[in-house]
J.: 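Here it is, the structure in full.
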Amino acid sequence: MHKPDSAVFKRKVWAASGSGMRGNMANTILSVREIVKDYPGVRAIDHLSFDVEEGEIHALIGENGAGKSTLIKTLSGAITPTSGTIIVNGREFSKMDPILAKEQGIGVIYQEFTLVPGISAAENVFLGEKTSAGIFVDIKDRERRAKELFDQMHVEIDVSKPVRDLSPACQQIVEIAKAVSKDVKILIMDEPTAPLTVSEVETLFQIVRNLKKRGVTIIYISHRLEELFELADRVTVMRDGAYVGTEKIQDIDRQKLIAMMAGRELKETFPSRNTDLGEEVLRVEHLYGNGDKDISFTLHKGEILGFAGLVGAGRTELMRVIYGADPMESGKIFLHGQEVQIHSCNDAIASGIGYIPEDRKAQGVFLPMSIKWNTIINNLKAFSNGIFVDEKKENETAADYQKKFGIKTPSLDQRVRNLSGGNQQKVVIAKTLAANSEIIIFDEPTRGIDVGAKQEIYKLMNELVEGGKSIIMVSSDMPELMGMSDRIVVIYEGVKTGEVAKEEFNQNYILDLASGGNENGTDEKNMD
Amino acid sequence: MEQTKKTWIDYYKKFGIYIFLAAVFIFFAAAAPNFLSYKNIINILRQVSMFGIVVTGVSAVMIGGGMDLSVGGQMAVVGMILGYFMVNMNMGIVPAIVIGIFIGCLFGSLNGLVAVKLHVAPIIVTLSMMLVLQGVAYLITGGYPITGMPEAFTMIGQGYIGVIPVPVIIFVIFIIFGWIVMNKTYLGRHIYALGGNKEAARLAGINVDRLTVFIYAFTGFAASIAAIIMVGRTNASQPGAGSSYPFDCMTAACLGGISISGGEGKISGVVVGVIILGILDNGLVLMGVNSNFQSVVKGLILLAAVAIDCYQVKTKKS
């Protein structure tokens with residue numbers, strides 16, 4: 001735990017940085033006390049307490065899954081905490097609800113925009129509000145008032161334009177204006193710069209600083225550490241749902257922040273395996289496409305190759321290109337040294353590549369269909385004589401995988417909808433393997449499944465590589481990635497920032513690369 | 001939760017349609033004069049056969065996650081073309097039929113291609129196609145029906161093999177064909193996959209675009225077969241024929257348990273749905289109920305069928 005620094009020191013630093021509007025002790029506007037949020041089988045927030053001072057820009061950071069989003073939802077009233085209190089302006093609440101949060105002046109800008117695309121910026125800003133008497137909307141009045149808001153932010157936006165015709169940055173600004181128009185005192189911004197270009201980020205920062213000058217308190221969540229040093233006054237670090245510490249930005253540097261984010265012990269154990277890495281099975285050279293730029297890597301027989309990166313870094317996008325789900329702009333893919341052309345998922349399956357998508361329900365399984373139906377769908381041609389499905393073979397294969405993977409079900413005719421997450425995931429793996437995949441891409445294989453099922457999935461992955469298959473594993477769970485991988489490739493904003501061998505696995509180092517740090521000290525493996 | 005919770009909805013999904021069929025049948029057997037006569041039963045079957053073929057096609061599209069409102073227009077145009085070729089141009093029966101079927105498949109493919117390539121929602125594509133084709137049907141002769149088909153051709157609509165009318169035989173063959181395709185072939189499974197989860201289907205290596213075009217072409221095929229029976233039975237090509245089909249077909253399909261959102265439903269259910277509508281049409285006429293009231297009944301039945309479908313989807317989510 002980090003003790004707050006003395007007021008004297010604070011004053012000095014603020015005076016030196018020139019941003020101190022209030023020289024004296026600031027008031028605490030928002031406090032969170034001992035908040036706990038439990039979901040079945042997982043504690044998303046663990047006795048978290050921290051304070052936000054009036055008028056500051058307070059950054060909130062943590063790894064993927066640290067509980068930041070859950071915390072925001074607790075503050076905005078979208079979810080109810082299991083226990084704990086929230087204190088806003090000295091008033092204590094055991095929970096928030098959206099209306100109460102609004103009354104207390106809490107506004108949130110989520111990662112996903114909540115704008116109505118077809119109507120104008122002005123209409124969006126005042127959406128749901130009665131701005132004039134009578135039943136008619138005074139559009140001119142709304143546009144004038146929206147323009148005033150934008151003028152205050154020193155931005156130029158055509159208020160009569162439908163927001164779908166505005167750039168992501170302008171849409172972001174409309175979101176902010178919408179929050180500000182509701183007389184917001186505490187503005188929570190979740191990854192506001194994620195969809196923005198560099199110059200747009202600067203504009204956004206200017207707006208955020210203007211808001212601060214007007215006395216709005218800002219809680220700012222970002223994965224981009226360098227932004228914090230430019231913008232934030234203080235930073236609070238979360239890890240595994242718990243509070244790690246709060247620091248003034250002047251007192252800390254990037255390395256320290258990363259250490260705070262990562263400093264966790266490996267609690268889970270990972271089953272060991274005996275494999276010798278064989279020959280190269282997959283080589284990707286200078287792949288461009290789907291937002292990824294110039295990515296090269298190799299995969300060997302019997303290897304689990306991990307892909308680390310922050311959410312949205314472009315790992316899933318890369319896998320989808322390799323699997324033929326999204327087009328490749330340029331680059332080459334080699335299987336066993338032979339260049340292959342993959343233009344569709346079917347090409348990938350035919351080449352022995354299988355993909356287990358991150359969103360199991362939306363992309364992995366057919367929920368209304370039976371287990372056996374799902375098991376063979378990726379490779380139906382092999383289970384048919386050209387026209388008719390071989391139902392005997394279907395039953396045998398499904399029964400085989402059910403036994404091998406321990407899929408818990410009363411019958412193979414059971415609809416996949418009725419299975420638990422872990423068992424659904426096993427069906428997805430069975431379906432991928434039934435298509436004779438040699439290379440299996442696991443995208444977030446254990447997301448949303450309980451601890452016991454996780455262990456089973458790990459064991460299964462080990463068995464697969466011991467049996468001569470090769471695995472690419474994309475995961476945002478750092479311990480899992482380090483526990484399972486033989487090597488880890490790190491991606492940051494569509495670019496490969498490093499490749500780490502098992503002997504060099506180190507959370508701080510990987511997290512640094514994943515946050516855009518340079519690979520210094522390790523030499524880049526030459527792909528030629 | 002590994003066990004299936006059986007709710008009444010699940011039971012309805014499984015048996016409800018048969019209970020419904022039995023209830024309707026018993027009601028009319030008691031209430032409508034001559035309903036149970038052999039002649040009337042055969043009559044009902046003959047009445048539903050042409051309709052049932054189209055519904056089978058529409059059901060395939062709906063299982064695949066789409067919709068086809070243009071089947072009536074397709075039937076009208078194919079019917080007019082058949083008449084034009086055979087009567088006005090004296091073309092032989094076989095080439096005329098082959099061309100008719102080809103044109104039906106072509107219209108269907110066109111629906112599919114537009115939906116896939118231009119990313120237009122199926123309801124808009126087929127609604128537009130419906131309007132276009134209804135117009136084209138009238139344009140071919142300026143609105144006049146074509147009569148006087150070759151006698152051999154009218155056999156397709158009016159003839160019997162043994163005691164069974166030819167249309168009924170074609171209907172039975174068609175539904176057996178449809179049932180086998182949807183249940184036994186990998187093509188059918190791909191269609192269910194497409195309607196059940198399009199993105200998962202794509203990731204499962206299914207060429208979803210090509211499959212979509214194929215399904216619409218199949219519906220066009222069904223519509224052209226129905227058009228052949230229709231022209232044969234009435235011995236005339238009517239430009240206004242089939243105008244009530246788009247919605248009647250959806251009524252029957254939904255009644256038979258085809259989900260509006262795709263991916264679910266069975267051909268066997270569809271057949272029952274078709275027969276229920278056939279019995280309603282026939283029985284209400286026998287009872288002397290006026291046609292406007294028949295429409296009220298059909299409307300309420302469709303609403304009930306879709307409401308149950310929606311209810312099921314809602315409970316699924318929770």
Side-chain angles (χ1 to χ4, degrees), chain A residues 320 323-326 343-351 353-357 359-369 373-374 376-391 394 407-411 413-421 423 428 431-432 434-435 443, chain B residues 1-7 9-10 13-14 62-65 116 176-177 179-211 214 257-266 309 312-318:
Chain A
R320 286 178 60 93
Y323 188 63
D326 289 320
H343 298 296
S344 70
C345 304
N346 200 21
D347 291 346
I349 292 171
S351 317
I353 301 176
Y355 177 56
I356 293 166
D359 191 338
R360 184 169 55 240
K361 285 186 180 166
Q363 303 179 338
V365 283
F366 297 88
L367 292 170
M369 297 310 186
W373 191 99
N374 270 281
I376 64 166
I377 189 71
N378 272 23
N379 195 18
L380 265 183
K381 276 194 182 135
F383 288 91
S384 69
N385 61 5
I387 297 171
F388 294 105
V389 176
D390 184 343
E391 293 182 12
E394 175 188 20
I407 299 170
K408 293 182 199 76
T409 173
S411 146
D413 293 314
Q414 179 75 283
R415 288 178 178 218
V416 169
R417 176 181 295 139
N418 299 321
L419 300 179
S420 69
N423 281 309
V428 182
K431 144 181 181 283
T432 310
D443 197 349
Chain B
M1 244 200 2
E2 310 277 318
Q3 293 296 322
T4 327
K5 263 200 263 165
K6 285 253 191 275
T7 62
I9 287 290
D10 289 325
K13 279 261 152 187
K14 216 165 181 183
M62 288 175 70
I63 289 170
V116 165
I176 290 173
F177 172 68
W179 184 85
I180 289 174
V181 169
M182 294 307 284
N183 291 291
K184 295 290 165 190
T185 68
Y186 78 85
L187 181 69
R189 291 201 178 201
H190 280 175
I191 295 173
Y192 275 98
L194 174 67
N197 189 337
K198 191 175 173 185
E199 182 60 13
R202 205 166 76 86
L203 292 177
I206 297 168
N207 187 334
V208 292
D209 287 355
R210 202 172 60 193
L211 184 63
F214 174 83
I258 301 289
S259 164
I260 284 279
S261 48
E264 288 188 80
K266 288 193 158 64
D309 180 52
Q312 202 242 3
V313 170
K314 205 167 136 199
T315 45
K316 222 187 277 173
K317 271 189 198 150
S318 61

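Proteins come first, then strands; the chains are lettered A, B, ... in the order of their sequence lines, and each starts at number 1.
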J.: Counting heavy-atom pairs under 4.5 Å with chain B, which one of A/Ala350, A/Ala435, A/Gly386 comes out on top?
T.: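 Heavy-atom pairs under 4.5 Å are most numerous for A/Gly386.
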J.: Highest number of heavy-atom pairs under 4.5 Å with chain A: which of B/Arg189, B/Lys198, B/Lys184?
T.: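 Greatest number of close heavy-atom pairs with chain A: B/Arg189.
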J.: So for A/Phe388, is it side chain, backbone, both, or neither that comes closer than 4.5 Å to the heavy atoms of chain B?
T.: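 Both parts, heavy atoms under 4.5 Å.
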J.: Under 4.5 Å from any heavy atom of chain B, what part of A/Ala362 do you find: side chain, backbone, both or neither?
T.: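 Contact with chain B is through the backbone of A/Ala362 alone.
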J.: So for B/Asn207, is it side chain, backbone, both, or neither that comes closer than 4.5 Å to the heavy atoms of chain A?
T.: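 B/Asn207 has no heavy atom closer than 4.5 Å to chain A.
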J.: Counting only heavy atoms closer than 4.5 Å, note whether A/Leu367 contacts chain B via side chain, backbone, both or neither.
T.: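 No part of it gets close to chain B.
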J.: Please look at A/Ser344 and chain B and tell me whether the side chain, the backbone, both or neither of the residue comes under 4.5 angstrom of a heavy atom of that chain.
T.: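 Nothing of A/Ser344, per the 4.5 Å heavy-atom cut-off to chain B.
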J.: Of A/Asn379, A/Ile387, A/Val389, A/Ile377, which is the lone residue that meets side-chain contact (heavy atoms from CB on, under 4.5 Å) with B/Tyr186?
T.: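 That would be A/Val389; it is the only one of A/Asn379, A/Ile387, A/Val389, A/Ile377 passing the side-chain contact (heavy atoms from CB on, under 4.5 Å) with B/Tyr186.
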J.: Answer whether the closest heavy-atom distance between the side chains of B/Tyr192 and A/Trp373 falls below 4.5 Å.
T.: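 Counting from C-beta outward, B/Tyr192 and A/Trp373 do come under 4.5 Å.
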J.: Would you give the length of the straight line joining atom OG1 of A/Thr432 to atom CG of B/Leu203, rounded to the nearest 0.5 angstrom?
T.: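 Here the interatomic distance stands at 10.0 Å.
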J.: Just wondering, do B/Asn197 and A/Gln363 contact through their side chains at under 4.5 Å, heavy atoms?
T.: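 No, their side chains stay 4.5 Å or more apart.
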J.: Picking from B/Asn183, B/Val181, B/Ile180, B/Thr185, which has the most non-hydrogen pairs under 4.5 angstrom with chain A?
T.: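 Among B/Asn183, B/Val181, B/Ile180, B/Thr185, the one with the most close pairs to chain A is B/Thr185.
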J.: Would you mind checking if B/Glu199 and A/Lys361 are paired as a salt bridge, meaning a charged N to carboxylate O distance below 4.0 Å?
T.: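 Looking at A/Lys361 and B/Glu199, the cut-off is not met.
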J.: B/Gly196, B/Ala193, B/Ala201: which one forms the most heavy-atom pairs within less than 4.5 Å of chain A?
T.: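 Result: the option with the highest number of such pairs is B/Ala193.
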J.: I need the A/Tyr323 OH to B/Arg202 CZ distance, nearest 0.5 Å.
T.: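 Separation between the atoms: 10.0 Å.
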J.: Give me the atom names and distance for the closest heavy-atom approach of A/Val365 to B/Ala200.
T.: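 Closest approach of A/Val365 to B/Ala200: O-CB, 4.2 Å.
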